[in-house]
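All values below were derived from every heavy atom in this structure, side-chain atoms included, with hydrogens, water molecules and symmetry-related copies excluded. So you know, we letter chains A, B, ... as the sequences are listed, proteins then strands, and number each from 1. Because the structure is a prediction, the values reported are computed rather than measured.
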There are 2 protein chains.
Amino acid sequence: MASCDTCLVRNRAICAALDADEIGALNTIGRQRLLEPGESLIWEGDDSVLVANVIEGVLKLSTGTEDGREQIVGMVFASDFIGRPFGTTTGHGVTALTEAKVCVFNRRDFDSFARAHPALEHKLLQRTLDELDRTRRWMLLLGRKSASEKVASFLIEMTDRVASPGCSSLMPPGAIHLDLPVSRQQIADVLGLTIETVSRQFTRLKADRIIDLPSRREVVVLDRAALVAEAG
Amino acid sequence: MASCDTCLVRNRAICAALDADEIGALNTIGRQRLLEPGESLIWEGDDSVLVANVIEGVLKLSTGTEDGREQIVGMVFASDFIGRPFGTTTGHGVTALTEAKVCVFNRRDFDSFARAHPALEHKLLQRTLDELDRTRRWMLLLGRKSASEKVASFLIEMTDRVASPGCSSLMPPGAIHLDLPVSRQQIADVLGLTIETVSRQFTRLKADRIIDLPSRREVVVLDRAALVAEAG
DNA sequence: CGCTCCGTTGACGCATATCAAAAGCTGTGG
DNA sequence: CCACAGCTTTTGATATGCGTCAACGGAGCG
């Protein structure tokens with residue numbers, strides 16, 4: 001059975017607020033679950049029945065209109081928290097983008113545990129405040145930036161969030177290698193654009209020698225400064 | 001001297017989590033402040049030196065690009081909380097839209113007080129989670145909705161948030177009267193549009209008998225259902 | 001009464017969406 | 001190993017919604 005002791009995110013997730021005894025107690029109400037790419041953990045509009053910590057992988061948070069338009073409202077990574085504690089419904093779906101491992105809790109169990117452990121609630125509050133700040137900054141992008149600014153901003157955000165350690169010596173100095181966890185369509189859904197516009201911006205950036213595109217899911221950032229300049 | 005005992009939002013703001021003694025203690029570190037329309041309490045990028053509760057009035061949270069584009073990332077009303085506790089910088093400015101009364105705290109004082117009072121932190125967490133949900137729903141609007149859907153959504157949000165009690169008997173049955181706390185430019189900055197587009201949508205809605213526009217800052221919603229249908 | 005600010009209206013252009021088709025990958029079965 | 005099917009992505013042609021620029025109008029104020 002998986003235990004918190006061996007958990008990859010033991011010291012980075014909100015659990016870091018707890019001591020050994022408390023972790024033991026939390027361990028009894030949580031269980032690990034594996035998700036395949038495309039598999040959903042929570043659906044938009046559902047009653048809030050569970051919350052979770054991400055142990056491995058990348059997931060998206062998304063909402064949509066009735067006529068099928070979709071907007072990705074957040075991406076969550078290892079050690080991030082998922083779900084809506086202390087509430088009744090979840091406003092957005094949660095779906096795995098890569099294979100993912102999550103530590104799932106029944107929401108009510110988690111709620112009472114959290115209320116009994118202020119240090120945990122404090123960590124959760126800090127995370128929520130950070131996420132709110134990040135989300136508000138993204139609103140500027142959605143409301144006011146052009147397609148080229150949006151794509152540049154996306155790539156910069158990605159270099160900060162999923163910078164691959166496996167940069168081979170074959171790459172030009174200063175280059176940053178990215179393995180995107182998302183398809184072109186999903187990038188479009190993050191940026192509020194169409195897939196065609198995203199694709200055209202990628203090819204233009206490649207033509208301008210600002211990035212390289214070794215494969216569909218890979219991006220090499222050749223000139224990060226140029227990207228920052230384009231991001232507005 | 002103003003005291004929490006007579007505070008208009010005593011039972012709705014996060015202070016509602018505290019008993020009489022605790023309120024007394026909080027009273028000693030907070031002070032009231034009046035703001036004129038257009039006056040800023042916090043500037044984007046500032047060190048986070050203060051936090052506050054809104055007692056009366058409406059304020060905007062906004063970010064902008066270097067070249068002057070602006071995006072309003074939130075509107076705050078009576079009993080809402082303002083500022084970035086437990087953090088170093090604030091990602092957005094806070095500016096009064098109407099005359100406003102706020103209860104201001106030094107951020108460090110508030111931080112230590114909050115850490116010592118888990119019930120207060122819990123209220124703050126709930127508010128922050130609610131605000132995050134609201135903000136994420138707004139992202140769908142910014143990224144995926146058309147101008148007409150945006151304006152309709154804005155008006156619906158306003159009927160929920162500032163429905164005037166003073167509906168005179170002169171109005172058609174079912175009509176809802178709104179006193180907008182914002183200019184056309186500010187509506188545009190909330191919706192990620194230009195002032196001209198907002199204006200055109202307003203006149204169209206008036207021509208379609210869905211709203212009436214008695215004055216610049218007033219809107220009468222004649223057919224809320226039609227507005228909901230347009231909001232997407 | 002006239003000035004100024006804000007909002008409205010109109011003409012026009014452009015960025016991005018839409019529609020359509022070709023070009024790469026990826027996997028499967030012969 | 002090749003052929004083919006079913007994808008995602010790219011590329012191209014066209015359409016359109018919204019932005020931009022410019023002029024006008026009306027409300028508030030000295």
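Contact check, Thr194(A) against dA17(C): a side-chain N or O comes under 4.0 Å of OP1 or OP2.
Across all strands, Ser215(A) comes closer than 4.0 Å to no nucleic acid atom at all (heavy-atom distances). Heavy atoms of Thr203(B) sit under 4.0 angstrom from primed sugar atoms or phosphate atoms, though from no base atom. Heavy atoms of Arg184(A) sit under 4.0 angstrom from primed sugar atoms or phosphate atoms, though from no base atom.
No side-chain N or O of Arg144(B) forms a donor-acceptor pair with one of Thr65(A) less than 3.5 Å apart. Thr89(B) and Arg84(B) share no side-chain donor-acceptor pair at under 3.5 Å. Between the side chains of Glu196(B) and Ser199(B), not a single donor N or O lies within less than 3.5 Å of an accepting N or O. With hydrogens and angles left out, the side-chain atoms of Ser62(A) and Glu70(A) include a donor and acceptor closer than 3.5 Å. For the residue pair Asp130(A) / Gln126(A), no side-chain donor-acceptor distance below 3.5 Å is found, with atom types taken as modelled.
Atom C1' of nucleotide dT4(C) and atom CZ of Arg216(B) are separated by 11 Å, given to the nearest angstrom. Taking atom NZ on Lys206(A) and atom P on dG24(C), their separation rounds to 11 Å, with Å as the unit. Note: CZ (Arg69(B)) to P (dA15(C)) measures 13 Å, nearest angstrom. In this structure, Leu213(B) atom CG and dG7(C) atom P are separated by 12 Å, rounded to whole Å. Between Ile195(A) atom CD1 and dA23(C) atom C1' there is a gap of 14 Å when expressed in whole angstrom units. dC25(C) atom C1' lies 13 Å from atom CD of Glu218(A), rounded to whole Å. Rounded to whole angstrom, the span from the CD atom of Gln201(B) across to the C1' atom of dG7(C) amounts to 15 Å. In this structure, Arg200(A) atom CZ and dA21(C) atom P are separated by 15 Å, rounded to whole Å.
In the helix from dC1(C)-dG30(D) to dG30(C)-dC1(D), the rotation axis of the first five pairs and that of the last five pairs differ in direction by 30°, rounded to 10 degrees.
For the pair Ser199(B) and Pro214(A), nearest-nucleotide mapping onto DNA chain C gives the more 5' position to Ser199(B).
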Problem - Glu131(A) vs Thr128(A), side chain to side chain donor-acceptor pair (under 3.5 Å): CA-CA, chis, key distance, verdict - result: CA-CA 5 Å; Glu131(A) 190 57 33; Thr128(A) 310; over 6 Å; no

Exercise for the section: Test side chain to side chain contact (heavy atoms under 4.5 Å, CB included) on Gln32(B) and Val104(B) and set out the steps. Expected result: CA-CA 6 Å; Gln32(B) 290 199 359; Val104(B) 185; over 6 Å; no

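Phe202(A) and Phe154(A) have their aromatic ring centers separated by at least 6.0 angstrom. Taking the centre of each ring, Phe81(B) and Phe110(B) come in below the 6.0 Å mark.
Contact footprint of chain B on DNA chain D: nucleotides with an atom under 4.0 Å from a non-hydrogen protein atom, first to last in 5' to 3' order, dC18(D) to dG26(D).
Side-chain atoms of Gln201(B) never come within 3.5 Å of backbone atoms of Val198(B) as a donor-acceptor pair (strictly under, hydrogens ignored).
Here dT16(C) is the nucleotide among dT16(C), dG7(C), dC25(C) with the atom lying nearest to any side-chain atom of Ser146(A). When distances are taken from the side chain of Glu196(A) to each of dT18(C), dT16(C), dC6(C), the shortest belongs to dT18(C).
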